[in-house]
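Only one structure is covered here, and it is reproduced in the block below.
Here the structure is a predicted model, which is why all the values come from computation and not from measurement. Numbering of ligands and ligand atoms starts at 1, following listing order.
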Amino acid sequence: MNQDKKIIFSGIQPSGNLTLGNYLGAIINWLPLQDEYNCIYSIVDLHALTVRQVPAELRKRTRSLLALYIACGLDPEKCILFVQSHNSAHAELAWILNCFTYMGELNRMTQFKEKAQRHSDNINAGLFTYPVLMAADILLYQTDLVPVGDDQRQHLEITRDIAQRFNNIYGDVFKIPEAYISKVGARIMSLQQPEKKMSKSDENPNAYINLLDPPDVIIRKFKRAVTDSEAVIRYDVDKKPGISNLMNIYSSITGKSFEDIEKEFEGKGYGDFKLAVAEVVAETLKPIQDKHKELMANKDYLDEIMKEGAQRAERLSYKTLRKVYRKVGLVPKVF
Ligand code: TRP
């Protein structure tokens, strides 16, 4: 780690395969950060346990997500890529921070309210304290910046509040992290309900493009994308959310402006446009899919990356955790 560079931390849950939304909205923005910052990207498997998982699938998706991180262009030589549960400091700090977080604060989290509704048969305590584990993720590494989408803003706010509260009592233990707002960053919406963000946990697979979808599936999903009846390709998020979303996807990949796209498809139908979008998406994903396949076949390499990442993460977080233990009055362990 270069001491002069700021630290960036972010994570994605292995709760489903990555979508085009994760790629265009998050990962693509992470790539240029690798040179400028000390980047730490985690696969937050402990967070995924807040909803019931099939164990074998969770294991598989965790490895697959690591392979996807690399296939998308995150370089394990430049950043730390690791599995959250491989560094036990996350769970340990989360416990301590739980004791510095109020029920009332957690009750206000909109994501909790939403998830509690969606998983009403399993409103477990982990779901409730999820933001505290996220705070631990971030604070362990003295993180400066956290690239997060709108849906995670509130969680970053509570992280800052917890850190501030702790520092007020014990002195400067934690760096207070800030949101990293990227200059570009597409917010990709569901193909079926374009008012809603594209999500890997949507029950309807037609709503999202999985990064590993083969070309024929990609084409089929775009063909079925919900649009409107005007039959004009024009950017208007309020009146034409479906078409605007497709334009956003097309623009993010090709770099073309909305005006250029409107001109390119003047007089053409939605069918032509959908096919064009599907084709550029399939083309963009092809090399990622090939690389992913190659990595998944190379178990030793992935194991090595995981081991290396975990060791580096542990080494970095150890200092913060020891300091916290000491500050709150735990007796130092004798080695
Ligand atoms: N809660 C985040 C999400 O669902 C994932 C996450 C966990 C995270 N820990 C984090 C993101 C730390 C940024 C930093 O998207």
Side-chain angles (χ1 to χ4, degrees), residues 6-19 21-27 29-30 33 37-51 53 58 61-62 65-66 68-69 74 79-87 89-94 97-98 101 106 109-116 118-119 126-163 174-182 185 187-188 196-202 208 309 313 316-317 320:
K6 291 191 167 177
I7 298 175
I8 284 201
F9 184 100
S10 197
I12 295 183
Q13 294 188 50
S15 53
N17 278 311
L18 285 190
T19 69
N22 295 121
Y23 181 64
L24 297 178
I27 297 185
N29 300 313
W30 294 0
L33 305 177
Y37 298 93
N38 291 320
C39 295
I40 309 171
Y41 295 120
S42 185
I43 294 159
V44 291
D45 53 349
L46 295 174
H47 276 102
L49 295 180
T50 53
V51 299
Q53 301 286 341
L58 179 60
R61 279 201 308 263
T62 301
L65 185 50
L66 177 68
L68 263 180
Y69 271 0
L74 291 177
C79 40
I80 298 179
L81 305 178
F82 79 105
V83 176
Q84 184 189 31
S85 65
H86 290 179
N87 180 5
H90 292 253
E92 293 179 72
L93 182 61
L97 296 182
N98 263 321
T101 307
L106 292 173
M109 296 292 117
T110 49
Q111 194 173 72
F112 170 70
K113 290 187 224 171
E114 222 176 80
K115 284 192 182 172
R118 223 174 341 130
H119 307 279
L127 201 60
F128 190 60
T129 61
Y130 176 114
V132 185
L133 179 57
M134 180 161 159
D137 296 343
I138 296 167
L139 299 176
L140 265 180
Y141 299 93
Q142 304 295 335
T143 301
D144 295 280
L145 297 165
V146 185
V148 284
D150 279 343
D151 59 326
Q152 297 298 319
R153 279 294 162 75
Q154 206 182 18
H155 290 164
L156 188 59
E157 262 327 296
I158 197 176
T159 299
R160 290 163 54 89
D161 291 343
I162 296 168
F174 298 122
K175 169 82 68 62
I176 309 295
E178 304 205 11
Y180 177 86
I181 318 283
S182 57
R187 192 170 145 81
I188 306 301
K196 234 178 68 179
K197 197 177 130 175
M198 183 181 280
S199 162
K200 57 182 169 338
S201 44
D202 204 304
Y208 56 83
L316 276 176
S317 54
T320 305

Self-check item: Shortest non-hydrogen separation from Leu58 to Ala48 and the atoms involved
Solution: CD1-CB, 4.1 Å
Quiz item: Is there a donor in the side chain of Asp137 and an acceptor in the side chain of Ser42, or the other way round, less than 3.5 Å apart?
Solution: no
Quiz prompt | Minimum-distance pair of heavy atoms, taken over all atoms of Leu106 and Ile158 | solution = CD2-CD1, 3.8 Å
Self-check item: Numbered atoms of ligand 1 (with element) below 4.0 Å of Tyr130, judged on heavy atoms
Solution: 1 (N), 2 (C), 3 (C), 4 (O)
Quiz item: Using a heavy-atom cut-off of under 4.0 Å, does the side chain or the backbone of Ile138 touch ligand 1, or both, or neither?
Solution: side chain
Practice problem: Would you tell me whether Thr19 and Asn22 have side-chain atoms, one donor and one acceptor, within less than 3.5 Å of each other? | Solution: yes
Quiz item: So, for Ile80 and Gly309, which heavy atoms are closest and what is the spacing to 0.1 Å?
Solution: CG2-O, 3.7 Å
Quiz item: Taking all non-hydrogen atoms of both residues, which atom of Gly21 and which atom of Ile188 are closest, and how far apart?
Solution: CA-CB, 3.7 Å
Quiz prompt | Nearest protein heavy atom with distance in Å, relative to atom 5 (C) of ligand 1 | solution = Gly11 O, 3.5 Å
Quiz item: For atom 12 (C) of ligand 1, which protein heavy atom lies nearest, and how many Å away is it?
Solution: Phe9 CE2, 3.5 Å
Quiz item: Any nitrogen or oxygen of Asp137, main chain or side chain, under 3.5 Å from a nitrogen or oxygen of ligand 1?
Solution: yes
Quiz item: Does ligand 1 have a heavy atom under 4.0 Å from the side chain of Ile12, from its backbone, from both, or from neither?
Solution: neither
Practice problem: Heavy-atom contacts with Val44 under 4.0 Å: which atoms of ligand 1 show up? List them by number with element. | Solution: 7 (C), 9 (N)
Self-check item: Geometric N/O contact Gln152 with ligand 1, under 3.5 angstrom
Solution: yes
Self-check item: Within 45° cone and under 6.0 Å: Lys115 NZ/CZ vs Tyr130 ring
Solution: yes
Quiz item: Looking at Gln13, which atoms of ligand 1 are within less than 4.0 Å of one of its heavy atoms?
Solution: 4 (O)
Quiz item: Considering only heavy atoms of Val146, which atoms of ligand 1 have at least one such atom less than 4.0 Å away?
Solution: 13 (C), 14 (C)
